[in-house]
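This report concerns only the one structure given below.
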Amino acid sequence: MKEIIDDIFEREGSTLITDVLVGGKRVDIAIDETGTIVEIGEKNGVRDVIDIDIAVDGSESIAIPGLVNTHTHAAMTLLRGYADDMPLQDWLTQKIWPLEAHLTGDDVYWGTKLACLEMIRSGTTAFNDMYFFMERAAEATDEMGIRGTFAHGFIDLGMEEKRETEIKATETLVSHIKGQKNPRLTAAVGPHAVYTVSPEGLRWCAEYAREQEIGIHIHVSETEKEVVDCVAQFGKRPPALLDDCGCLTPRTVAAHCCWLDEADCRLFGERGVNASHNPASNMKLAVGRAMPYHHLREYGANVCLGTDGCASNNNLDMLEEVKFAALLQKFAWNSQTLLPAEEAIRVATAGGARALGIGSGTLTVGAPADIVLVDRRKACATPLHNADSNIAYACNGGAVHTVLCGGRFVMYDRVVPGEAAILKGAAEAAAALVCRAQDAS
Ligand SMILES: N[C@@H](CCSC[C@H]1O[C@@H](n2cnc3c(=O)[nH]cnc32)[C@H](O)[C@@H]1O)C(=O)O
Ligand SMILES: [Zn+2]
């Protein structure tokens, strides 16, 4: 790679990536000053398409579309390693929620900065977030230069008063995000799950999402207990309850979907729901069953990929998540051919872009230049019999060296601007958060 041009992160001109491997072919990629891919052609074939401001030698790199993390609680980076090896409900009620009660907006700002740093370093250019103080999460994401969809985690626990508070917080966030008019930041509604949000709350979320023309982000059928309790309380399974409340739409991202049966998958396909597979989180929390990817694909649902939060993964490396997904599906459903490498990468890129309604996810002319360069000189990428195989089964985020989002460099030759300050700020915020919680207990 050429020496780092000192203002490369500020440049807003056009970029040419030369001689890079895309889908098994060596090509040049021309990106115009608006950050759009304007030409992908044979080596040396597209140089005169743009007035080149920056040229990047891609001859030692494989290019893939920016990875799209469709389920995070990004600022949970501050809780990484705080509570491990527990069942979901105990983990939430005994450890996570008591600590989250002491979160501040500054905590979410630093936690999200750290999350964006980690995501950029491992090739993620867009993520779907559900948490607290989401205005601060959006501020951090804008500073880091990648794309985010933000939902206030809506939990009413069946209480009218809390529902009103959550409604106001959701409306405030949505108008804040829309008011920014920032193409990289979008809003969504985030009803947490059927066991934490009343049917009245679910119906409000669905209606508000429809009215605002935004997405819905929700945890669905993560555990068998969730399904059993839902049937006992409402006489129907979570997907049917959500459908009755209007929550199943083509703009819904349903996280986990582990305990869906075949009829649930057919309903998801009929409604065009996006099912976010979170294999590392599901295995770490031992939720007991893998998402039935084969049924969701068979019935036409869009499957995408997510990491969940850093307290149940514990990182945000989507290349690692691609491997977990491809292996878990084969193991869980006893099929050596289920979710092959190329398909697993597509789920993590095009599948995620479709779920969030963003134009990236593929390296094609007219798409936003959300591009990740993977280093071919790494051991995990050598030999290069098959790039998709190396990307899905051998490499992790550590093989990524350069990342563009909307044609702008967010990492260049393994340099991310402001990294040291982000690590310091997030570490200090995490330590102060735990101290506050301990002082209060
Ligand atoms: N306003 C809400 C905030 C909810 S944010 C989203 C919540 O989901 C929690 N969470 C993280 N991972 C999971 C998961 O896998 N399943 C269910 N909840 C999770 C996370 O800790 C956070 O509390 C409240 O009053 O609590
Ligand atoms: Zn979650």
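For clarity, every value in this text was computed on a predicted model and none was experimentally measured. This chain uses plain numbering: 1 for the first residue, then up along the sequence. One-based numbering, in listed order, for ligands and for the atoms of each.
Defined by atom type and a distance below 3.5 Å, a donor-acceptor pair is missing between the side-chain atoms of H294 and E298. With hydrogens and angles left out, the side-chain atoms of N128 and H217 include a donor and acceptor closer than 3.5 Å. Counting only N and O atoms by type, the side chains of H219 and E226 include no donor and acceptor under 3.5 Å apart. Between the side chains of Y131 and E100, at least one donor N or O sits under 3.5 Å from an acceptor N or O. Between N313 and S281, the side chains place no donor N or O within less than 3.5 Å of an acceptor N or O (distance only, hydrogens not considered).
Residue contacts with ligand 1, taken as heavy atom pairs separated by less than 4.0 Å, involve D308 solely via side-chain atoms from C-beta onward. At a heavy-atom cutoff of 4.0 Å, ligand 1 is contacted by the side chain of K162 but not by its backbone. In Y195, the part holding a heavy atom less than 4.0 Å from any atom of ligand 1 is the side chain. Using a 4.0 Å cut-off between heavy atoms, W97 contacts ligand 1 through its side chain alone, with no backbone atom that close.
For the residue pair C405 and T125, the shortest heavy atom distance occurs at SG-O, 3.8 Å.
Numbered from 1 in the order shown, with element, the atoms of ligand 1 that lie under 4.0 Å from a heavy atom of H192 read 6 (C), 7 (C), 8 (O), 9 (C), 17 (C), 18 (N), 19 (C). Heavy-atom proximity to Y131, at under 4.0 Å, picks out these atoms of ligand 1: 5 (S), 22 (C). Less than 4.0 angstrom separates some heavy atom of H152 from each of these atoms of ligand 1: 1 (N). Less than 4.0 angstrom separates some heavy atom of I96 from each of these atoms of ligand 1: 21 (O).
Among all non-hydrogen protein atoms, the one lying nearest atom 13 (C) of ligand 1 is H219 NE2, 3.7 Å. Scanning all protein heavy atoms for the shortest distance to atom 10 (N) of ligand 1 gives H73 NE2, 3.7 Å. Atom 20 (C) of ligand 1 has E100 OE2, 3.4 Å as its closest protein atom, hydrogens excluded (heavy atom only). Ranking the protein heavy atoms by distance from atom 26 (O) of ligand 1 puts I155 CD1, 3.5 Å first. Looking only at heavy atoms of the protein, atom 16 (N) of ligand 1 is closest to E222 OE1, 2.7 Å.
Within the structure, the closest approach of L79 to ligand 1 does not fall below 4.0 Å when heavy atoms are considered.
Residue D243 forms a salt bridge (Lys or Arg N to Asp or Glu O under 4.0 Å) with just one option from K236, R266, R271, and that option is R271. Of the residues listed (R147, R184, K181), the one engaging D142 in a salt bridge (Lys or Arg N to Asp or Glu O under 4.0 Å) is R184, and it is the only one.
Enclosure of atom CZ in F331 is not indicated, since only 12 or fewer non-hydrogen atoms of other residues, nucleotides or ligands lie within 6.0 angstrom.
The existence of a salt bridge linking K284 and D308 is excluded, since no basic side-chain nitrogen approaches an acidic carboxylate oxygen closer than 4.0 Å. Taking 4.0 Å as the cut-off between side-chain N and carboxylate O, E207 and R210 count as a salt-bridged pair. Between E166 and R163 there is no salt bridge, since none of the side-chain N atoms of the basic residue sits less than 4.0 Å from a carboxylate O of the acidic one.
Within the 4.5 Å cutoff, no side-chain heavy atoms of L260 are placed close to those of R237.
An N or O contact shorter than 3.5 Å links G153 to ligand 1 by distance.
Listed by chain and residue number, the protein N/O/S atoms under 2.8 Å of the Zn ion (ligand 2) are H71 NE2, H73 NE2, H219 NE2, D308 OD1, with waters left out.
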